[in-house]
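Everything below concerns the one structure shown next.
For the numbers below, each heavy atom of this structure counts, side chains included, while hydrogens, waters and symmetry mates do not. Predicted model, so just to flag it, every value in this text is computed and none were measured. Chain letters run A, B, ... following the sequence lines, proteins first and then strands; every chain starts at 1.
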Amino acid sequence: MSSLRISFEFRTQDTNGALVVLEVLAPESGVVWSRPVPLGPPVEVQVAPGRYVVRTLLPSGELLSAQAGVEANQVRDVRLFSEREAPTPKLAWAYALKQVESVTSPSDDIRARSWSGQLPDWMQLWRISHRSEGPIWKRSRAPLRVSFPREDEGWDAPEVLAVIRIRMRGSSYWLQVGEVTAPRMIALPASAEVRVLILGAAGSETGDRLHVVVDGGDGTAEALLGYLKLGVLDRARSLTDVLVSQIKDGFFLGPAAPYRHVVLGYALLLCSRDLPGPWPLLSSTAARASWSDTDVIDGWFALRRGDLYHARQAFLRAAGTGPPAYTFGLRFLVDGLRMIEEATPDDDELMQARTIVSQYASIADWSSGTTNYLSDDLGQPLPRGARNAALLISPSTVEQRGLAGIGA
Amino acid sequence: MDKGIDPQGPYLHAMIVGVGEYPYWNDGIHSLTSPVKSASAFAKWLLQGYHHRFATLGSVEILISGARLTPAEDRGFAVFEPTMANIRAAFQRWRARCHESVENIAVFYFCGHGFEREVRILLAQDFLEDQSLPSANAIDFDTTYRSLVACRASTQFYFIDACREPPGTGMFPYRTPGTPLWESPPGAFFPRAAPIYLSSPRGRPAFGEPDEVSYFTTALLSCLGGFGAGYRDGNHWIVTAESLATAMHLRLADMVLPDGRRGACSVEGERVLPAEFHYQVPPASVRLRIRGVPARSFARTALYVSHSGSKHSERAPAPEPWNLDVLEGKFQVAYAFAGQREAPESGTAHPPLSIHTLELPS
């Protein structure tokens, strides 16, 4: 038997076990082998002697391909190269798994202000606690490490403004990024550790001009999210099958479990014909309390099986908890509320919920993986055209009660 | 166009809307020339270039400003002005036909003005005919799309070639929610593959040069004409929902738009079933990319490519990869590094993208 030894010749070290779908094709007969494989170690594929094309679509959207001929009983090396390789192994997760927008370098002024080693003045980390009287926003003291590219670190990425690692302790966290006129609220996944890459544009003075990439630290969930965003649902389905079988085998625990479940839930809704019964995370109250995603997914599972009452209740719970962490969730929530509202047009409670969610949906950045919107105050979406420099969150604000329009 | 439908099918039923005239919107200053060209070109491809292993072309509803295709594509089919009333009537006919069989394929194409806030809105030709009711002739695409989950056609393709900027900025100051073309009763969920191919990411405009086919539709036709090949089945290349998505990303990323950005295709919608759109007769088209490592050596390397289906090409040393459009099949790459010409390497161009990496001396 012959084999192809396929290696990834670019930085993959920090992709946290991400699976990507690797394909081996015979030019005349099509795909002969296709499987999710870990992005990192070489993969050996047994094939009949012949000439083959090897390719993979990275979740970043980059299509890699190479080809080689192999003779009988020969092992042939095939090397896949990336043209958008991360400038440092520390950022492999972003460049391989995320659609890092190509932007110009941030201004020297912003860069200089970022090099203090502390969270700079244009970033804040907030945490929401859910109480009976409504959500409470608190400035978070979660351990975080901010690093900034510096010449002495030996890598060159002029577009990179900052890299942040945040260790989180339950609950839901928002990162507020941006300068005076338009701070941007960015939802962080419910994971034990979150990584954030911030890229800047020249002369950037507002959150609008910053490109923020968020990662929950689970490579396969992030890869799945990337495939969903690219609309390549055949590949997403391959990863979904892996995750579903891991759940069945009880292999789905660990600190990333809640957010992994959430990404899987959206994937199932988008690309799976037969949903696996009721949404399996319902028993996890901790996960439900932190973000509204689980209720959104629960509602859609109910909608798909024709249980409009259950769906209504789930969507109302979701709207009361606040926007979902994931942009897919916000879209699903808007659509779900509208569908139920069409069925029951005089439902005031539903109409109120939809009005609240619409505020976020109308200004959310749909190209972002996690929910992301401009804000003039904590949790309050800011309509475009209504920005006001005076509305910048005061650094002295340490606690604010209530997510505007939501809760008590 | 209607071939006289056999309810058994399966058929592809298409609805094509190209809105170039907006006579009531600021006295027509927002009228466009590209949508008529683009919708006509897509209609022409459908009528002449579409092939499917199972679903033949059943009907095409065509609504284009001027009520005719461009002269080059005009074959005497009934074409209607894309007013809201005409769009709605055509939509009902189209939906009813699509609903006749689970194996039918529904295709919806729109080119014209649009915007997006909470939902995607597409503007009919008589938009703002009643200035006091801007939502009357603006289509709520999202509700329409969601409602079509109750349509039996299990394969539905949507192509939306319109801006996705929010209202309230630039030339569109309204916050109208729009009017759906159809609202289905809740509770009906037919499993479907229903990809939506959008001409830009949210918040960005779509572009077309005056009197030319738009960038998005140009990329789409290029993919349907050869670059979108997914897998080979005997003598045919099958264009699937996924292969079309991958190829559209590649083709649009090649284009530099008038705003200086690279083109981008956004692919949304659910797809709980696999979906074939079309088959092509070989040869498929391929983007061939020649690159080399290490990069500093590649920048000093002259390249020569010969391919069975095209003429010999060569390129002087340059740092960036060399992209060529070729037909599928064997090729040879020769190169000269530091003035020394090396023995050629051979490969097979395979859609949508074949990358040949030269491993050069340091």
Can you tell which part of [X] gets under 4.5 Å to a heavy atom of chain A, answering side chain, backbone, both or neither?
X	answer
B:L244	neither
B:P321	side chain
B:R164	neither
B:P195	neither
B:R192	neither
B:E328	neither
B:T357	side chain

Out of curiosity, [X] [atom1] to [Y] [atom2], how far, rounded to the nearest 0.5 Å?
X	Y	atom1	atom2	value
A:E62	B:I355	CD	CD1	7.0 Å
A:S272	B:L273	OG	CG	10.0 Å
B:E345	A:Q67	CD	CD	10.5 Å
B:S147	A:M339	OG	CE	7.0 Å

_Among B:E268, B:R232, B:E183, which residue has the highest count of heavy-atom pairs closer than 4.5 Å to chain A?_
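Ranked by heavy-atom pairs under 4.5 Å with chain A, first place is B:E183.
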
Contact summary for [X] and [Y], nearest pair of heavy atoms:
X	Y	result
A:L57	B:T246	CD2-OG1, 4.5 Å
B:L353	A:S65	O-OG, 3.6 Å
A:G231	B:A245	O-CB, 4.1 Å
B:P191	A:R273	CG-NE, 3.8 Å
B:G347	A:R51	CA-NH2, 3.8 Å
B:E270	A:L233	C-CD1, 4.3 Å

*Go through the atoms of A:L64 and report whether side chain, backbone, both or neither lie under 4.5 Å from a heavy atom of chain B.*
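Interface part for A:L64: backbone (N, CA, C, O).
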
*Between A:V232 and chain B, which part of the residue has a heavy atom less than 4.5 Å away: side chain, backbone, both or neither?*
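Both parts, backbone and side chain.
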
*Is the backbone of A:L230 close enough, under 3.5 Å, to the side chain of B:H249 for a donor and an acceptor to pair up by distance?*
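Flag set: sc B:H249 to bb A:L230 pair under 3.5 Å.
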
*asked:* Less than 4.5 Å apart, side chain to side chain, heavy atoms only: is that true for B:D142 and A:R338?
replied: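 They are not in side-chain contact.
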
*Look at atom CZ of B:R53 and say whether more than 12 heavy atoms of other residues, nucleotides or ligands are closer to it than 6.0 Å.*
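Yes, the 6.0 Å shell around CZ holds more than 12 heavy atoms from other groups.
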
*If you count the non-hydrogen atoms of other residues, nucleotides and ligands that lie under 6.0 Å from CD in A:E71, is the total more than 12?*
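No, because the 6.0 Å sphere around CD of A:E71 holds 12 heavy atoms or fewer from other groups.
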
*How would you list, by chain and number, every residue that makes a ring-ring contact (aromatic ring centres under 6.0 Å, His included) with B:H356, sequence neighbours excluded?*
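Per chain and number, B:H356 pairs via ring-ring contact (aromatic ring centres under 6.0 Å, His included) with B:F331.
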
*Who among A:V31, A:L63, A:V53 has the most heavy-atom pairs with chain B under 4.5 Å?*
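Most heavy-atom pairs under 4.5 Å with chain B: A:L63.
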
*Under a 4.5 Å heavy-atom cutoff, which of A:E9, A:R331, A:R304 has the most pairs with chain B?*
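When all of A:E9, A:R331, A:R304 are compared, A:R331 has the most.
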
*Please list all pairs passing the salt bridge (Lys or Arg N to Asp or Glu O under 4.0 Å) test where one or both residues lie in residues 236-250 of chain B, with sequence neighbours left out.*
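Every salt bridge (Lys or Arg N to Asp or Glu O under 4.0 Å) pair that includes a residue of residues 236-250 of chain B, provided the two are not neighbours, is B:E242-B:R271.
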
